[in-house]
Amino acid sequence: MAQSAAVATPPPKGKASKRRSATPRRLPYLLIAPAGLLMLGFIAYPVVSVFYYSLQNYNVTKPWRNGFAGLDNFTRIFTEDEQFWPTLGFSAQWVFTQVTLQLALGLALALIVNQTFVGRGISRAMVFSPWAVSGVLTSTIWILLYNSSTGFSRYLADAGIGEYGTSVLSDTGTVFWAATVSELWRGVPFFAILILADLQSVSKELYEAASVDGAGRLRQFFHITLPHLRDAIILATLLRGVWEFNNVDLLYTLTGGGPAGETTTLPLYVANTGIEGHDFGYASALTTVAFVILLFCSIVYLRLSKFGGDNK
């Protein structure tokens with residue numbers, strides 16, 4: 001009896017079995033750890049460096065003045081820098097104009113190419129193609145179009161509109177809208193792509209039921225389409241707003257921030273301060289301020305828009 005009882009007693013579970021059960025759960029994290037560490041290094045090091053240099057006097061042309069500055073760079077930004085507030089104001093104007101127009105035009109294009117018609121595939125390719133063009137190449141194309149000798153202004157002058165030799169990029173009254181049109185050409189497809197992708201998931205049964213109930217296209221748009229696109233629009237406007245705020249390549253190549261500083265955004269001012277002025281400490285402080293502004297605005301926007309919440 002004692003022998004049979006001993007045989008019937010199950011063996012105790014040891015640490016080896018627990019280790020074997022935990023290994024499959026840890027395996028995915030172990031596999032992505034090398035890539036995660038590399039990404040952390042490439043992202044964390046530049047961010048920490050910017051914060052570090054923002055507290056330093058670091059100008060390669062004046063090495064005798066380099067050293068710890070504390071909050072002096074930030075004090076200089078808010079109390080002494082006469083260019084900071086105008087560039088920040090223009091950045092806000094640029095972002096608001098671009099995001100608003102890109103959203104409106106992108107939504108319209110998405111609704112159009114979502115319909116069934118002959119040549120829809122070619123139309124979609126033509127709508128989305130500008131998004132594949134780099135910012136520098138985009139600005140080069142529009143520089144040629146705006147050229148006073150070879151661009152469309154010459155043909156407008158031939159038609160009696162405007163004068164010969166005038167350039168919209170050198171006139172303070174037209175340079176903003178000239179740059180705006182150039183960026184719209186590249187930015188509108190971004191909204192069109194995201195919105196069209198979300199439109200594909202709208203159930204056609206909802207529109208059929210609404211039609212049966214007597215709802216027209218306008219009511220269907222406001223009560224079915226827009227509520228369904230809510231999260232996609234919020235995310236797209238947030239991402240595009242951050243990207244437009246950090247826009248440097250197009251404005252730097254197209255206008256260089258001119259004329260007379262009319263198109264100088266805060267990131268472009270940072271680039272000029274660091275690259276042309278060699279004052280990397282002050283440029284890092286400006287970057288830190290821009291980061292805090294973007295972080296604050298993004299949090300407030302997500303909270304007010306209730307992103308991811310109930311649409312009802």
Side-chain angles (χ1 to χ4, degrees), residues 36-60 66-100 102-103 134-136 179 183 186-187 190 234-253 255-257 261 263-308:
L37 291 175
L38 286 175
M39 291 184 62
L40 182 63
F42 282 112
I43 295 175
Y45 176 74
V47 171
V48 174
S49 297
V50 168
F51 288 136
Y52 170 76
Y53 285 114
S54 67
L55 303 175
Q56 305 289 323
N57 286 322
Y58 185 62
N59 191 324
V60 295
N66 293 345
F68 182 72
L71 299 178
D72 291 347
N73 287 327
F74 297 97
T75 302
R76 175 184 166 191
I77 290 174
F78 294 107
T79 61
E80 301 178 13
D81 194 341
E82 297 180 355
Q83 298 185 45
F84 171 73
W85 295 109
T87 56
L88 181 60
F90 177 76
S91 297
Q93 179 187 3
W94 174 263
V95 170
F96 178 79
T97 304
Q98 286 295 332
V99 173
T100 302
Q102 288 180 23
L103 172 60
S134 66
V136 175
E183 182 63 12
R186 182 178 64 166
F190 170 78
I234 293 173
L235 181 61
T237 51
L238 177 62
L239 291 176
R240 199 60 189 162
V242 173
W243 292 342
E244 289 298 343
F245 184 88
N246 292 321
N247 189 328
V248 173
D249 53 356
L250 184 134
L251 288 174
Y252 183 82
T253 311
T255 66
T263 57
T264 301
T265 59
L266 182 56
L268 185 55
Y269 178 45
V270 172
N272 291 334
T273 302
I275 298 174
E276 298 181 4
H278 308 289
D279 194 348
F280 296 103
Y282 190 64
S284 298
L286 288 169
T287 304
T288 302
V289 172
F291 169 77
V292 173
I293 292 174
L294 278 179
L295 181 62
F296 174 77
C297 292
S298 300
I299 294 175
V300 171
Y301 180 70
L302 290 176
R303 292 293 298 272
L304 293 178
S305 61
K306 298 180 181 179
F307 176 71

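In this text the structure is predicted, and so the values were computed from the model without any measurement.
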Asks: With a 4.5 Å limit on heavy-atom distance, are the side chains of Ser49 and Ser284 in contact?
Replies: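 No - every pair of side-chain heavy atoms lies 4.5 Å or more apart.
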Asks: Over 60° means perpendicular and under 30° means parallel, so tell me whether Tyr58 and Phe280 are parallel, tilted or perpendicular.
Replies: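 Tyr58 and Phe280: tilted rings.
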Asks: State whether the number of non-hydrogen atoms from other residues, nucleotides or ligands found under 6.0 Å of Tyr52 atom OH is greater than 12.
Replies: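 Not more than 12 within 6.0 Å, no.
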Asks: Step by step, work out the side chain to side chain contact (heavy atoms under 4.5 Å, CB included) result for Phe74 and Leu55.
Replies: CA-CA 9 Å; Phe74 297 97; Leu55 303 175; 3.9 Å; yes
Asks: Flag the pair Glu244 and Arg240 as a salt bridge only when some basic side-chain nitrogen lies within less than 4.0 angstrom of an acidic carboxylate oxygen.
Replies: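 Counted as a salt bridge, because a side-chain N and a carboxylate O are separated by less than 4.0 Å.
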Asks: Test Asn247 against Glu183 for side chain to side chain contact (heavy atoms under 4.5 Å, CB included), laying out the working first.
Replies: CA-CA 10 Å; Asn247 189 328; Glu183 182 63 12; 3.4 Å; yes
Asks: What's the separation between atom CD in Gln83 and atom CD1 in Ile77, rounded to the nearest 0.5 Å?
Replies: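 It comes to 12.5 Å.
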Asks: Step by step, would you call Leu250 with Arg186 a side chain to side chain contact (heavy atoms under 4.5 Å, CB included)?
Replies: CA-CA 10 Å; Leu250 184 134; Arg186 182 178 64 166; 4.2 Å; yes
Asks: Only counting residues at least two apart or in another chain, list the ones meeting ring pair (Phe, Tyr, Trp, His ring centres under 6.0 Å) with Tyr252.
Replies: none
Asks: So how far is it from Leu286 CG to Asn73 CG, rounded to the nearest 0.5 Å?
Replies: 8.5 Å
Asks: Quick one: which residue pairs count as a side chain to side chain donor-acceptor pair (under 3.5 Å) with a foot in residues 292-302, not counting sequence neighbours?
Replies: Thr237-Tyr301
Asks: Using a cut-off of 6.0 Å, state whether more than 12 heavy atoms not belonging to Phe296 lie near its atom CZ.
Replies: no
Asks: Look up atom CD in Glu82 and atom OG1 in Thr87, then write down how far apart they are to the nearest 0.5 Å.
Replies: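 Reported to 0.5 Å precision, the distance equals 12.0 Å.
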Asks: Please check if atom CZ in Phe78 has more than 12 non-hydrogen atoms from other residues, nucleotides or ligands closer than 6.0 Å.
Replies: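 Enclosed.
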Asks: To the nearest 0.5 Å, what is the distance between CG (Leu268) and OG1 (Thr263)?
Replies: 7.0 Å
Asks: Dump the intermediate steps for side chain to side chain contact (heavy atoms under 4.5 Å, CB included) on Thr100 and Phe96, then the final yes or no.
Replies: CA-CA 6 Å; Thr100 302; Phe96 178 79; 3.8 Å; yes
Asks: Rounded to the nearest 0.5 Å, what separates atom CG in Leu266 from atom CZ in Phe90?
Replies: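 Output value for this atom pair is 12.0 Å.
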Asks: Quick one: list whatever passes ring pair (Phe, Tyr, Trp, His ring centres under 6.0 Å) with Phe245, sequence neighbours left out.
Replies: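 Scan of Phe245 (ring pair (Phe, Tyr, Trp, His ring centres under 6.0 Å), adjacent residues dropped) gives none.
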Asks: Between Tyr269 and Asp81, do the side chains contain a donor N or O and an acceptor N or O under 3.5 Å apart?
Replies: yes
Asks: If I take atom CG from residue Asn246 and atom OG from residue Ser91, how far apart are they, to the nearest 0.5 angstrom?
Replies: 9.0 Å
Asks: Is it true that atom CG of Leu294 has more than 12 heavy atoms of other residues, nucleotides or ligands lying nearer than 6.0 Å?
Replies: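 Count over threshold, so yes.
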Asks: Of all the heavy-atom pairs spanning Pro267 and Val248, show the shortest one and how long it is.
Replies: CB-CG2, 3.7 Å
